[in-house]
Structures are given as C-alpha cells and as structure tokens.
Amino acid sequence: MVNARGVARLRAGHVWVYRSDLVSADGIAPGAMVRVVDERGRAQGTALYSSASQIAIRMIAPGAVADFPALIRERLLAAIGYRKQVVSETDVCRLVFSEADFLPGLIIDRYNDVLTIQALTQAMDSEGARQTIVSTLAEQLSPAGIVERVEARVRELEQLPARDNALLAGEKTDTIFTMNGVRFHYRGLKGQKTGAFLDQRENYAAAAGYAHGKALDVFCYQGGFALHLAGACSQVTGVDSSRPALEMAEQNAALNSREIEWIEGNAFDLLKDYSEAGRQYDTIVLDPPAFARSRKTLETALRGYKELNLRALKMLRSGGVLVTCSCSYHVGEADFLQTVAAAALDARRTLRLIEKRGQARDHPVLVGVPETAYLKCMIFQVAG
Ligand code: SAH
C-alpha cells in the first residue's frame, strides 16, 4: 500500500515509489511481483518489490500481470525490436536499458556475439527471471556466449548474495566488436561497468567529426574517444588512472593500427602540470566518472567539473574543440553548461556551443523518469 505522495509520483509518470512512501508491505517476499494499492484500496498497477532498496517498488504495468516471465519475454522482444530501428552499422549496443525498456533493474548489452546481463534488483535476480532472460536471448540472438556482469555494491544494497562475473550460457566470454568503423577488444569477465561505455557511441562519432590537430583524451578508459579521434588528428594522447584500462587501450590501438600515447596518472594533476607548462592542444575530451553520486555532493562535483574545464580551456588553441561530458544524473544540463561558461570566463576564452548531446539512442530516456537521462556531452569551439 502506497501513500498519497507515492501515488502522486506515479501519476506524474514515474515508476518508483520510495520506502518512505509505503504504508505497508507486510509479508511481501523480497523480489516479489505485487499489486499496488492506494490508502483507499484502489488499484494502482503491478510492481516489483525490493525488501532492501530505498526504491521499494518499481512499476511494471498499469494493470494486472498474470505471468512475470511471459512479460519479461515480451518486453525483451520489444527492446530488441527497438534497437533494430535506432542502431545501425555496429555490432555493439545496449539491448535493455532498465526502466526505459520497461524492465526495471535489468541491463543487457550486446558486444558482437557476446551478450552481457546485469540484474540490479531482487526481482530481476530471481531464478525465474534469469532463466527467461537467458533462454529468450539465446533463442532470439543465438549468441556465442552470455555473461553475467556483477555490480558488487548494488548487490550488497539489494541484499543479494555476492557473485563474480561469470559465463551463463555458451562458451565465449571474449570477443572483438566494432563501432563507427573502430574495433575494440571485449573481455566479458573484466573491466568496469558492463565493460565499455556504450552510451558514448554516437558521441565518439560526433567528436571525431570536429577533432583535428593535436588531441588529448582525458579519462580515456580503454580508448573510446582516443581511437575515434586518431583518424582525424595528427597526434593523440590518452590519460587515465587505471593501468588495466590503459593496457586494453594499447591493445585496441594495435588492433586498429594506430599510434596513441597512453599516460597513467591523475587527470587533475596532469592537467594542472600540462597547462602550467604551457602545452597546447587543438582537441580535448573530458569524460570523467560521475562526480556527484548524490545531491549532497553536487557542489563538490561542480567544482571538479569547473577545474577540469578551466585547465582544458587554457590549453586549447583558438579554433580548438572541447568535448566535455558529465555522466552525473544529479548535475543537470543547465548546471553543467553554467559551469563550463564560468570556466570559460575565468580562462578568458570565448566559446561557441556546437552540439548539445546526450546518451546514444540505444539508451532511451523515459519521459517521467528523469533518472533515465544522465549523460551530457557538449561540444564547443574555442572562438578566441
Ligand atoms: N571516456 C571513456 C570512459 C571514461 S570512464 C570511454 O569513452 O570509454 C571514467 C574513467 O576515469 C575510468 O576509466 C577511470 O579509470 C578514470 N578515472 C577516474 N578517476 C580518475 C582520475 N582522477 N584521473 C584519471 N582517470 C581517472
């Protein structure tokens, strides 16, 4: 049973109800499918329940649902169908983006012939859900391997038993995938998140369209931007603090016959040193990890973004390109633009916004659920 505030949230198009807005949830098993009612007993739809998360319920249907596995199957087919419309000329994409594909708590990615599954809630981690997901994917896409990717922190929050990344079906965990004509190694059991940052796929191509001269890719991970820039730039340097990420980046460069300089280090220190030393670039990409994990850390996060952008702007030549990203949901587009504008004022640079971009179309944004829109990627030209 949900209180008036919870009902209002659902009426506004959201699909979550927080634990503080539950009136009662007595005797409901972890991960159960539940019928949601308001305080007068009126039906509000069907949801998945979590006994541990602050997000106590996630709606899955406005009416009754007879068979949860059948619903999962139907929605998987729809999600695969949607990708056929919006994803082309690549063998890699996000197949299921949780709430935005009406499968809250489930992420599925395709890396060529390897699929990865990540269950983020008790309901999606249940045996019934997992079996349906694996069998539907196998039947629809005939992958050479299906791998489970584990986000340890989320499993802990959901009070799910700890697990390692593992092969669930087939025999292949490693492969090579291609996006925008650039090839990448994929290691299903290693790496951060689900293995690659697929939300940037369309932004890589956009950035490459403006990139020129000497380029710096800051927070490069396995070289997503750097490898795309290499086709358009005379010289590319990638910076990251993770050695394993840079080792993969180097293998990716070799796979594409590119020469890229990889530097292991703290991006803040390196940008400070390079800008003080008067280094100059024509293209700089900034793609840091999420600085604001909650609203409380917003101010610190904005200071971090400002510092990075300020240093980068000081190093860009006139006519240069700044590709600057934020994947913090709590940092809104307006906040982010304002922060870059403040950095430009301090750096005494005039900027023109060429493109205001977000996540790739295989990460759709569900209207009414603002949390599904998180990535900002702004491309600026330094006009003076
Ligand atoms: N641009 C990448 C994704 C970046 S994810 C792509 O398109 O694939 C953020 C990256 O920042 C991670 O690889 C992480 O290792 C790195 N990182 C985190 N803190 C850092 C720091 N202080 N200095 C340098 N790199 C850092």
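Ligands are counted one by one from 1 in listed order, and the atoms in each one are counted from 1 as well. These values consider heavy atoms only, across backbone and side chains, with no hydrogens, waters or symmetry-generated copies.
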Describe, in one word, how the ring planes of Phe197 and Tyr221 are oriented to each other, choosing from parallel (under 30°), tilted (30 to 60°) and perpendicular (over 60°). perpendicular

Below 4.0 angstrom, N of the basic side chain to O of the carboxylate: do Arg163 and Asp125 qualify? yes

Contact atoms of ligand 1, heavy-atom distance to Ala267 under 4.0 Å: 21 (C), 23 (N), 24 (C)

Going from CZ on Arg5 to CG on Asp21, what distance comes out if it is rounded to the nearest 0.5 angstrom? 4.0 Å

Asp240 versus Ala245, closest heavy-atom pair with distance: OD1-CB, 4.4 Å

For Gly265, the atoms of ligand 1 under 4.0 Å from one of its heavy atoms are 23 (N), 24 (C)

Could you tell me which atoms of ligand 1, counted from 1 in the order shown, lie closer than 4.0 angstrom to a heavy atom of Ser242? 15 (O)

Does an N or O from Asp240, backbone or side chain, lie closer than 3.5 Å to an N or O of ligand 1? yes

Which is closest to atom 9 (C) of ligand 1 in terms of heavy atoms, Asp287, Leu308, Asp269? Asp287

One thing to verify: whether Arg303 and Glu307 come together as a salt bridge, which I'm taking to mean a side-chain N less than 4.0 angstrom from a carboxylate O. no

The residue among Arg94, Arg201, Arg83, Arg149 that forms salt bridge (charged side-chain N to carboxylate O under 4.0 Å, His left out) with Asp109 is Arg94

Measure the distances from the heavy atoms of Cys327 to every atom of ligand 1 and state whether one is below 4.0 angstrom. no

Heavy-atom distances under 4.0 Å are what count here, so tell me which part of Cys220 touches ligand 1: side chain, backbone, both or neither. backbone

Under 4.0 Å from ligand 1, counting heavy atoms only, is it the side chain of Ser241, its backbone, both or neither? both

For atom 6 (C) of ligand 1, which candidate among Phe268, Phe219, Phe225, Tyr204 holds the nearest heavy atom? Tyr204

